[in-house]
Amino acid sequence: MPIKNRIAEMQEEITAWRRDFHEHPEVMFDVHRTAGVVAAKLREFGCDEVVEGIGQTGVVGVIKGQSTASGRVIALRADMDALPMTEITGLPYASKTKGAMHACGHDGHTAMLLGAAKYFTETRNFDGTVVLLFQPAEEGGAGGLKMVEDGAMDRWNVQEVYGLHNYPGLPVGEFAIRPGALMASADQFEVTVTGKGGHAAEPHQSVDTTLATAQIVVALQSVVARNVQAIRPAVLSITAFHTESDTFNVIPQTARIRGTVRCFDAKTRDLVEARLREMVDLTARSFGATASVDYERGYPPTVNHADQTRYAIEAAEAVGTKVNPETDPVMPAEDFSYMLEARPGAYIFLGNGDTPMCHHPAYDFTDEAAPYGTSFFAELIERRLPR
Ligand code: NI
């Protein structure tokens with residue numbers, strides 16, 4: 001039994017919502033129009049409670065089942081924000097906002113969860129309460145954390161939480177998931193190295209900041225290669241290298257490098273940060289320079305809980321064409337991780353078909369995938385909150 005019939009009937013409507021969101025992308029917490037549309041629809045469907053302004057511009061919809069005797073509460077989450085980039089799709093519903101684009105399919109996620117809201121308010125075929133979380137600022141603003149801090153879990157006594165993300169390259173109708181870490185943590189760092197500037201023809205009078213910094217770049221490559229246990233994946237990438245000199249005959253006084261660190265577990269994350277700090281300091285000093293490290297922790301790893309992963313697999317198998325229950329983890333990060341730190345839950349990938357990758361200017365969410373995502377949410381709730 002594939003996608004639910006009622007949801008298949010809703011495909012045109014879900015597509016219209018999705019394309020409207022696509023045409024009007026909003027970035028970070030500035031998702032006022034999108035959140036307004038979401039809240040209005042949730043009220044129109046007859047949600048028992050609709051609260052705006054959770055996590056600044058997030059929206060929460062609450063739907064009670066035909067019975068709530070079980071006392072069980074499950075949350076489903078979608079992200080609403082777009083990216084600060086320019087779309088090149090040329091589609092009739094392409095972004096009307098210059099410098100903003102739904103290049104990660106959050107327009108689709110929002111429309112699919114709205115479809116689920118409509119289905120739940122029509123059927124209420126469950127015993128318990130469904131809490132729908134529409135969050136802002138997934139792309140770098142930790143809107144998911146803001147919603148948790150603002151009581152999205154505690155206020156409605158949420159017991160489990162589930163989310164999904166479209167996945168380019170995975171055929172439409174298919175799902176992929178794994179227990180444990182599915183996506184990486186994302187930290188960023190900036191290192192400022194200070195040597196002693198001077199005339200490039202007289203390096204012995206200087207401390208060559210550029211050489212010291214170059215050695216740091218090389219030395220840092222040994223952290224993952226030589227300090228992290230080989231069975232624990234990690235990435236340390238240096239993405240920027242600037243000296244304050246931009247000419248041919250000056251040894252610069254300072255230089256700056258920037259980069260990112262990705263890991264799947266807390267221990268490796270701590271190790272990489274500690275080794276990075278030591279290596280930067282000791283390498284700089286070995287050249288007579290000094291260095292400061294500004295290390296900023298971002299999203300934690302997205303770690304699926306074992307039981308909830310199993311429930312997600314069962315629901316996906318009921319509505320999808322195929323489920324990969326042991327997919328490879330991926331290195332990008334996701335702020336649903338904060339929700340999974342707050343409550344048991346699972347995050348699943350939904351096939352977007354053969355499309356450009358997320359964050360590509362020609363990317364577009366595949367509307368044919370929506371009935372699978374919406375049916376997944378519906379099936380999951382009806383299985384987890386049986387009447
Ligand atoms: Ni995304």
Provide the closest heavy-atom pair for [X] versus [Y] in the form atom of the first, atom of the second, distance.
X	Y	value
P332	M183	O-CB, 3.3 Å
R262	A184	CB-CB, 4.0 Å
G53	D150	O-OD2, 3.6 Å
P136	F29	CG-CD2, 3.6 Å
A378	I7	CB-CD1, 3.8 Å
N166	C358	OD1-SG, 3.8 Å

Are the side chains of [X] and [Y] in touch, meaning some heavy atoms are under 4.5 Å apart?
X	Y	value
R77	L113	no
H106	M80	no
S95	H24	no
R277	F189	no
S185	T268	no
V261	R269	no
R232	L271	no
M153	L133	yes

Test log, rule side chain to side chain contact (heavy atoms under 4.5 Å, CB included), inputs V158 and M339:
CA-CA 11 Å; V158 168; M339 295 189 178; over 6 Å; no
Under a 4.0 Å threshold between the charged nitrogen and the carboxylate oxygen, would [Y] count as salt-bridged to [X]?
X	Y	value
K146	E149	no
D20	R33	yes
K4	E122	no
D107	R18	yes
R19	D364	no
K41	E13	no

Treat each ILVMFWY residue as a node, draw an edge where side-chain heavy atoms are under 4.5 Å apart, and state whether [X] and [Y] are in one component.
X	Y	value
L182	L380	no
V303	V272	no
F377	Y119	yes
L42	I14	yes
V161	L350	no

Give a yes or no on this: more than 12 heavy atoms of other residues, nucleotides or ligands lie within 6.0 Å of atom [atom1] of [X].
X	atom1	result
D307	CG	yes
E9	CD	yes
D246	CG	no

Between [X] (side chain) and [Y] (backbone), is there a donor-acceptor pair under 3.5 Å?
X	Y	value
T374	P371	no
Y372	V319	no
D79	D81	no
T321	G173	yes
R72	D127	no
E52	G36	no
S245	P252	no
T121	K118	yes
T209	Q253	yes
Y295	V191	no

Does any donor atom in the side chain of [X] or [Y] lie under 3.5 Å from an acceptor atom in the other side chain?
X	Y	result
T89	E87	yes
E26	T34	yes
H305	E160	no
R256	T254	no
N125	R387	yes

Check against side chain to side chain contact (heavy atoms under 4.5 Å, CB included), F21 and V38
CA-CA 10 Å; F21 293 136; V38 166; 4.1 Å; yes
[atom2] on [Y] to [atom1] on [X], rounded to 0.5 Å:
X	Y	atom1	atom2	result
T213	I257	OG1	CD1	7.0 Å
R43	E49	CZ	CD	10.5 Å
F336	L145	CZ	CG	13.5 Å
Q135	Q56	CD	CD	12.0 Å
Q188	T239	CD	OG1	8.5 Å
R178	I313	CZ	CD1	11.0 Å

Describe, in one word, how the ring planes of H109 and H165 are oriented to each other, choosing from parallel (under 30°), tilted (30 to 60°) and perpendicular (over 60°).
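H109 and H165: perpendicular rings.
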Evaluate Q308 against N304 for side chain to side chain contact (heavy atoms under 4.5 Å, CB included), listing each step before the verdict.
CA-CA 7 Å; Q308 284 68 29; N304 279 335; over 6 Å; no
Can you name the one residue among V73, L76, D48, I74 that meets side chain to side chain contact (heavy atoms under 4.5 Å, CB included) with V130?
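Of all the options given, the one that passes is L76.
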Would you say the rings of F45 and F120 are close, in the sense that their centroids are separated by under 6.0 Å?
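When the ring centroids of F120 and F45 are compared, they turn out to be at least 6.0 Å apart.
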Chi angles and distances behind the side chain to side chain contact (heavy atoms under 4.5 Å, CB included) call for Y363, M85:
CA-CA 11 Å; Y363 167 88; M85 55 188 284; over 6 Å; no
Intermediate values then yes/no, salt bridge (charged side-chain N to carboxylate O under 4.0 Å, His left out), D294 and R258:
CA-CA 9 Å; D294 180 8; R258 285 179 166 171; over 6 Å; no
